[in-house]
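So the structure is just underneath, and the comments pick up after that.
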Number of protein chains: 2
Amino acid sequence: MPRDTLTRDQIVHTAVALLDAEGLEGLNMRALGKRLDSAATAVYWHVKNKDNLVLLATDQVWGELELPDLDAVDWRTATTAMAVDLYGMFTRHPWLVQAFAAHVLYGEGKARHDDHSLAVYEAAGFTRDQADQAASAVFTYVLGNAAGVAATASLTRKLTRDDTAAEEQFQDAMAKAQEIAMRYPHLRARLETPAAATYAAAPDQAFEVGLQILLDGLEQQVAA
Amino acid sequence: MPRDTLTRDQIVHTAVALLDAEGLEGLNMRALGKRLDSAATAVYWHVKNKDNLVLLATDQVWGELELPDLDAVDWRTATTAMAVDLYGMFTRHPWLVQAFAAHVLYGEGKARHDDHSLAVYEAAGFTRDQADQAASAVFTYVLGNAAGVAATASLTRKLTRDDTAAEEQFQDAMAKAQEIAMRYPHLRARLETPAAATYAAAPDQAFEVGLQILLDGLEQQVAA
DNA sequence: GCAGTGTCTTGCACAAAGTTCAAGATAGCT
DNA sequence: AGCTATCTTGAACTTTGTGCAAGACACTGC
């Protein structure tokens, strides 16, 4: 064993931690080096470049997912569990969404997840095309939700860090948003009612309800 | 009129063009300056910073959307049209997705769109909460689809530009992806059949079918 | 016509960040 | 003990965002 040498695994792990804490634009090689107690450039021996590092981090994170037992539960329970789990992954690692929008990321983790999805749908009586469609639609829906979460996370990070200037900029944006919303009748109605905080304030709940609606649609399809 | 001065509008327009052509990471102030035939830093007189510029570009692009006449068509036709239009916007400007995942973007354009969505659903008999939920779910679904499109667009750009190194890297990734897929039975089955090109090759079609499924779910909800 | 002022543009410069490279350090092998 | 393969380091180059001071231009009032 060479002295106290870096590992690719250790680097990826640290990168994930950094990404979680600082977001995609907060990841930089020098900061990573500092966390690893090594020169920034030492990383380049183990990893081709930054893009590649993000890709490895993505693969790593997919490993967190648990796949439900196919025989133990009905398909809606199973797909709901998978979708919620996926959503959780994105929530824990908001930078993932940006990574997904920026590069085509297909690796072991996604393959494992997709395969299991397809298995669930096919076991439930979906044709192969229907299963494809269902898996794709659900993943897409989760990803879309995750984008909202990621945006919010980025904002939150900015606000908790340099509360000096960012705070008032935020207040400004909020005020402007409100002013805009007031000019549109349906949005206005929502602002003017106590129950205003419906879905905007509870993205997780909106996600789950929407998911069930989507699954309703899928169920209807397979029943026909 | 001062000589040949820059306009904020002109800058934003050019920025959109550059973003469309080069993607989010292809937008830089010096390139923008070159397109505008001015110094890169001249932009800073009209725009606070790069983030702000992207935000303005986003607003600009929302203006492209057409809103269907509420009385002319039934709600499914209307929402389908809106969703497809939205999807088109994301397809034409893939960088939008990344922008949406990176910042909370709420402006005139989104407000206008949201308001009209809500109007459609409420006119169709959805309760207010149901309308909220429906609008959110559909937008989210479109955004998720757009993420896939954006990723592909970024890849395509990379491939058409420096075909030298990127090409073989791409082939490499494809080969690896295939190798992975072969280890998972359901994915493998899809690779081994002529009909393999189902949804992976036709994202637009998958989008529309999935959208209808989601709308089925929503319809069921309002009928109950 | 001319000085003055407000509006915009430019060039310079700096800092942050990705990446390369040559040189150094270390562990194991002979 | 020396050689080599494996890593680490520091310096350096490049790209990119952005601040700043100085300049250029048009329009005003005299």
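Proteins get letters first, then strands, A, B, ... in listed order; numbering begins at 1 in each. Since the model is a prediction, treat every value here as computed from it, not as a measurement.
- Under the 6.0 Å distance and 45° angle rule, A:K110 counts as a cation-pi partner of A:F139.
- Atom CE in A:M29 sits about 21 Å away from atom P in D:dA12, given to the nearest Å.
- As judged by a 4.0 angstrom heavy-atom cut-off over every strand, A:L36 is placed among residues making no nucleic acid contact.
- Atom CG of A:L32 and atom P of C:dA17 are 13 Å apart (whole Å).
- Summarising the local packing, CD of B:E66 is surrounded by 12 or fewer heavy atoms from other residues, nucleotides or ligands at distances under 6.0 Å.
- Within the 4.0 angstrom heavy-atom criterion, no nucleotide atom of any strand lies near A:L53.
- When all heavy atoms are compared, the tightest approach of B:A101 to A:Q98 is CB-CG, 3.9 Å.
- Straight-line distance from the CG atom of A:N28 to the P atom of C:dT19: 11 Å, rounded to whole Å.
- Going from atom CG of A:N52 over to atom P of C:dT19 covers 10 Å, rounded to whole Å.
- What separates NZ of B:K50 from P of D:dT16 is a distance of 9 Å, to the nearest Å.
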Evaluate side-chain hydrogen bond (donor to acceptor under 3.5 Å, both in side chains) for B:D204 paired with B:Y87, printing each intermediate quantity in order.
CA-CA 9 Å; B:D204 294 6; B:Y87 180 77; 2.8 Å; yes
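- Between the NZ atom of A:K34 and the P atom of C:dA16 there is a distance of 11 Å, rounded to whole Å.
- Contacts with DNA chain C (heavy atom under 4.0 Å) in residues 37-45 of chain B: B:S38, B:A39, B:T41, B:A42, B:W45, listed by number.
- Of the residues in residues 6-24 of chain A, not one places a heavy atom less than 4.0 Å from an atom of DNA chain C.
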